[in-house]
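Below is one structure, written out as structure tokens; the observations come after it.
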Amino acid sequence: METLIILSYIALCIIVFKVCSLPRNKWTITTASVIGLFLVGWIFLYMAMYQPVSRMARLYSVTTPITSQVEGLVTDVFVQGNQQLKAGDPLYQIDKVPFQDKVNRIQSDIARTDSAIDFYQAEFDRYQKLGTKGFSSQENIDDIKSQLLQQKADKNKYLTQLDLAKFNLDHTTVVAPTDGYVTQVALRPGMKSRVVPFQGNLVFVHKEDKQLFAAFKQSPARYIKEGYPAEVTFNTIPGHAYKAHVVRVNNIIAQGAVTPSGLMQAPEKISQGGRILVKVELDTPSLLKDMPLPSGTDAHVAVYSPKWEMFSLVRKVILRMQSWENWLFEG
């Protein structure tokens with residue numbers, strides 16, 4: 001587009017010199033050149049500021065690393081890659097045997113404790129009757145009562161352990177958290193499922209609309225506001241531009257985040273070149289479902305502000321020309 005504008009201006013100068021018989025000397029040629037450079041520079045400077053474009057845009061989907069709440073040997077994997085799932089559908093199975101064995105042992109302990117409670121309760125009642133007749137001391141009664149209370153405390157402890165054991169047993173079957181699908185299934189029976197935060201055994205993709213984010217340079221980003229019209233081109237669909245609008249301009253970038261640590265922020269170590277993320281939404285969101293646009297697809301996004309709106313036409317032409325180039329060159 002830059003070349004086209006320059007050639008158009010050169011053609012205009014030729015017409016002026018030819019038709020108007022303008023004398024060609026170092027003054028007129030220099031003046032025409034300076035005016036041309038000023039006009040072209042002015043157009044592209046204002047267009048870059050008020051009709052900005054980002055060539056760093058991408059579609060994103062929210063994913064969740066799926067891991068189990070208990071550790072154990074994987075015995076079955078129920079899903080295949082990209083298979084549509086409903087919330088609660090089983091993903092894979094961890095060996096239940098050790099968890100069931102623990103439940104059985106605790107239930108046996110509870111049964112044994114119940115028998116002991118019945119025995120000590122009967123003994124306590126008997127000793128109390130004997131105590132009223134003077135055939136049993138208060139020390140014996142207190143001792144039996146102490147044994148009874150201990151058995152009841154043990155039962156409460158075993159009941160708590162049983163709840164935890166049943167919880168672990170129920171979670172040996174790992175299920176889908178929401179509607180969606182699992183991609184790149186590499187889990188196999190015989191592998192060990194470990195409880196490692198943020199490092200799952202499977203990657204689960206939630207069934208929700210993809211999100212389009214564009215990273216703009218800081219200078220033109222200050223002229224981007226929510227609701228401004230935009231256009232999007234995708235490298236995988238050359239020659240097409242889709243209408244969109246700005247949904248949100250993020251109020252923080254990675255370079256502005258500070259995490260607690262024992263180190264102070266050194267000004268000379270502050271990185272430069274951070275870009276501002278802008279969320280853009282297509283005016284027809286269904287296009288993302290109908291077109292072959294997987295998450296991670298690259299895009300170009302142009303935002304049109306009301307300032308110097310006449311330059312938006314130039315930006316639209318440039319955006320489409322760059323999209324057409326994707327027929328021949330990789331974007």
Side-chain angles (χ1 to χ4, degrees), residues 1-9 12 36-60 209-254 256 273-293 295-331:
M1 187 63 188
E2 297 93 333
T3 305
L4 181 61
I5 293 176
I6 294 173
L7 291 177
S8 299
Y9 180 76
L12 178 62
L37 290 174
F38 175 77
L39 286 176
V40 172
W42 177 64
I43 290 173
F44 282 97
L45 175 63
Y46 275 64
M47 183 178 62
M49 291 298 294
Y50 298 107
Q51 316 297 329
V53 65
S54 171
R55 295 175 177 84
M56 298 174 62
R58 184 165 296 167
L59 284 174
Y60 291 90
D209 292 338
K210 302 181 183 73
Q211 302 181 62
L212 177 61
F213 283 92
F216 286 86
K217 293 182 179 179
Q218 296 182 20
S219 296
R222 68 179 184 269
Y223 298 110
I224 299 176
K225 306 293 183 184
E226 293 183 9
Y228 276 10
E231 283 189 325
V232 181
T233 62
F234 296 99
N235 295 350
T236 57
I237 308 178
H240 292 79
Y242 300 95
K243 293 185 179 299
H245 60 278
V246 176
V247 176
R248 183 176 67 249
V249 180
N250 280 13
N251 199 33
I252 187 172
I253 57 179
R275 290 178 175 244
I276 297 176
L277 284 179
V278 175
K279 184 178 181 181
V280 179
E281 187 175 285
L282 295 180
D283 290 347
T284 309
S286 60
L287 291 174
L288 294 179
K289 300 177 182 178
D290 300 336
M291 296 184 297
L293 291 171
S295 297
T297 299
D298 293 330
H300 289 182
V301 175
V303 177
Y304 306 118
S305 74
K307 294 184 178 181
W308 298 95
E309 193 172 0
M310 73 284 291
F311 293 141
S312 64
L313 177 61
V314 181
R315 174 62 72 197
K316 290 179 181 180
V317 174
I318 295 177
L319 188 68
R320 284 159 175 77
M321 291 177 65
Q322 291 173 337
S323 178
W324 293 334
E325 290 177 358
N326 290 328
W327 287 108
L328 301 176
F329 307 103
E330 182 180 356

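It should be emphasised that the depicted structure is a prediction, and the values quoted were computed from it without experimental measurement.
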Using the test side chain to side chain contact (heavy atoms under 4.5 Å, CB included), find all partners of Thr233 that sit at least two apart in sequence or belong to another chain. Ala241, His300, Leu319, Ser323

Qualifying residues under side chain to side chain donor-acceptor pair (under 3.5 Å), relative to His240, sequence neighbours excluded: none

Only one of Leu293, Thr297, Val280 forms a side chain to side chain contact (heavy atoms under 4.5 Å, CB included) with Leu212, so which one is it? Val280

Report yes if the side chains of Arg55 and Val53 come closer than 4.5 Å at any heavy-atom pair, otherwise no. yes

Tyr50: what forms a side chain to side chain donor-acceptor pair (under 3.5 Å) with it, not counting sequence neighbours? none

Heavy-atom closest pair (Val249 atom, Ile224 atom, distance to 0.1 Å) is CG2-O, 3.8 Å

Pair Arg315, Glu231 - check salt bridge (charged side-chain N to carboxylate O under 4.0 Å, His left out), show working. CA-CA 10 Å; Arg315 174 62 72 197; Glu231 283 189 325; over 6 Å; no

Can you name the nearest heavy-atom pair linking Ile276 to Ala221, along with the distance? CD1-CB, 3.7 Å

Roughly how far, to the nearest 0.5 Å, is CZ of Phe216 from CG of Leu277? 10.0 Å

Rounded distance [0.5 Å steps], CZ in Phe213 versus CG in Leu59: 10.5 Å

Not counting sequence neighbours, list each pair that qualifies as a salt bridge (Lys or Arg N to Asp or Glu O under 4.0 Å) and has a residue in residues 210-230. none

Verify side chain to side chain contact (heavy atoms under 4.5 Å, CB included) between Tyr242 and Asp283, making sure each step is shown before the conclusion. CA-CA 8 Å; Tyr242 300 95; Asp283 290 347; over 6 Å; no

Those residues at least two apart in sequence (or on a different chain) that pass side chain to side chain contact (heavy atoms under 4.5 Å, CB included) with Asp209 are Lys289

Inter-residue atom distance Arg275.CZ - Asn250.CG, 0.5 Å rounding: 15.0 Å

Please find the pair of heavy atoms, one from Ala244 and one from Leu282, that lie closest to each other, and give the distance. CB-CA, 3.8 Å

Would Tyr223 and Gln51 count as having a side-chain donor-acceptor pair, cut-off 3.5 Å? no

Would you please name every residue forming a side chain to side chain contact (heavy atoms under 4.5 Å, CB included) with Arg58, sequence neighbours left out? Tyr60, Asp298

